[in-house]
Amino acid sequence: IMARQHKAPQYNVACAECMKIHPSSSISGLQKEAEERIAKESQNIDHERSFMNLTIHGLDVFGNPVVNHEKPERSLEERIYGRINEVGAKVRFDKQETSVERGHNSKESVICEGIIFQVSHERSMELLAEDGMLDEKGQIRKDRELPVDGKVYSLFMDTYRFACERFGADNIVGAYIHLDEYTPHMHVFVVPVTMKESRYAGKVRLDEHGKPIMKGVLDAKNIFSPGEVWRIQSGGKSPEGYVYRGCNNGCGNKSEAEPD
């Protein structure tokens, strides 16, 4: 689930694809499995700091993230299908596929991608120290909230805005900041939708005003293709120089040159 370790500038923010969700997947089961796997692999969740964890509920009318400690009112599955239905996207579904087939060359639609954003542990501790969040032993304090005017909070807000710009704010159906583990990080869940012109018999359909009718298409293959991943790595438009690496489908491991 965590980003594969590569040689990279210390202050870069790593972005790693961590989960593909298909229509026949048990979404609640995948969430539980992911949480258990993180806990088992890291053995570093400090439940005394769990009160610091944050949820981002989208952007307000001014384009600022809406952040608090409350869980979303709807389940992740409801939010995923709410977005799919909103844009009228079709979902390919195959109950006969095994979990192995879904994980590799699935014929089912990918209805959601789970992503982790994080900086290196060293950089995280530097920023937390500057925010006054470390105690005399250099450990993260357990007696205060993350300051909203601090650098760590600002970095996560920039991360979220970057994700909104890259994937579309309406396509992000979940964003969670975890501060109770070894390295602070953020989970983002994206419905991989692109809007395309609706066609019938090869012709673009028009509305009553003569404008093309748009419909949503689930397009994870292109949105998270190796080429697009590389462009995220090398684009230089993201805060602190984001990189994207360690996908579970084999993409995102090239950083020196654009993939074929």
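Index from 1, following the sequence.
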How close do [X] and [Y] get, heavy atom to heavy atom, and via which atoms?
X    : Y    : answer
Y153 : P147 : CB-O, 3.3 Å
P184 : Q118 : O-CB, 3.7 Å
G174 : R79  : CA-NH1, 3.7 Å
I213 : D207 : CG1-N, 3.7 Å
C112 : F189 : SG-CB, 3.8 Å
Y176 : P72  : OH-CG, 3.8 Å

Could you name each residue pair satisfying salt bridge (charged side-chain N to carboxylate O under 4.0 Å, His left out) that touches [range], not counting sequence neighbours?
range            : result
residues 127-143 : D46-K142, E48-K142, E130-K151, R141-D143
residues 192-206 : E197-R199
residues 57-74   : none

Original post:
Hey, do the aromatic rings of F224 and F167 have their centres closer than 6.0 Å?
Top reply: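 Ring centres of F167 and F224 closer than 6.0 Å.
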[X]: hydrophobic cluster co-members (side-chain, 4.5 Å):
X    : answer
V61  : F62
V66  : none
V204 : L206

**OP:** Show your reasoning for whether side-chain contact (heavy atoms from CB on, under 4.5 Å) applies to L127 and L155.
**Re:** CA-CA 9 Å; L127 295 175; L155 178 60; 3.8 Å; yes
Mind checking the [atom1]-[atom2] spacing from [X] to [Y]? Nearest 0.5 Å is all I need.
X    : Y    : atom1 : atom2 : answer
I223 : N171 : CD1   : CG    : 7.0 Å
M133 : E145 : CE    : CD    : 8.0 Å
E122 : E126 : CD    : CD    : 8.0 Å
I172 : I115 : CD1   : CD1   : 8.0 Å

Original post:
Passes side-chain contact (heavy atoms from CB on, under 4.5 Å), L218 versus V110? Steps please.
Top reply: CA-CA 7 Å; L218 289 167; V110 175; over 6 Å; no
Subject >> Of V91, I84, I21, the residue whose pairing with S109 passes side chain to side chain contact (heavy atoms under 4.5 Å, CB included) >> reply: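 Filter result, single survivor: V91.
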Original post:
How about L146 and V152: do any of their side-chain heavy atoms sit closer than 4.5 Å?
Top reply: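 With C-beta onward as the side chain, the pair touches.
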**OP:** Could you pull out all residues at least two apart from E78 that satisfy salt bridge (charged side-chain N to carboxylate O under 4.0 Å, His left out)?
**Re:** none
Subject >> Under the ring pair (Phe, Tyr, Trp, His ring centres under 6.0 Å) test, residues paired with H121 that sit two or more places apart >> reply: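 Here the qualifying residues are Y182.
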Please list, chain by chain and in numerical order, all residues satisfying side chain to side chain donor-acceptor pair (under 3.5 Å) with [X], sequence neighbours excluded.
X    : value
S50  : D180
N68  : H57
Q139 : none
N64  : none

**OP:** Would you confirm whether R83, through its side chain, and V193, through its main-chain N or O, come within 3.5 Å as a donor-acceptor pair?
**Re:**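 No.
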**OP:** Spell out, as yes or no, whether a donor-acceptor pair under 3.5 Å connects the side chain of H178 to the backbone of N53.
**Re:**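 Absent.
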Original post:
Between V217 and V190, is there a shared hydrophobic cluster once you connect ILVMFWY residues whose side-chain heavy atoms come closer than 4.5 Å?
Top reply: no
Original post:
Is F117 reachable from M52 through a run of I, L, V, M, F, W or Y residues, each pair having side-chain heavy atoms under 4.5 Å apart?
Top reply: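 Per the 4.5 Å side-chain linkage, M52 and F117 are co-clustered.
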**OP:** Start with the C-alpha distance between I177 and Y160, add both sets of side-chain angles, then the distance that settles side-chain contact (heavy atoms from CB on, under 4.5 Å), and finish with yes or no.
**Re:** CA-CA 10 Å; I177 298 170; Y160 183 75; over 6 Å; no
Original post:
What orientation do H185 and H187 show, parallel under 30°, tilted 30 to 60°, or perpendicular over 60°?
Top reply: perpendicular
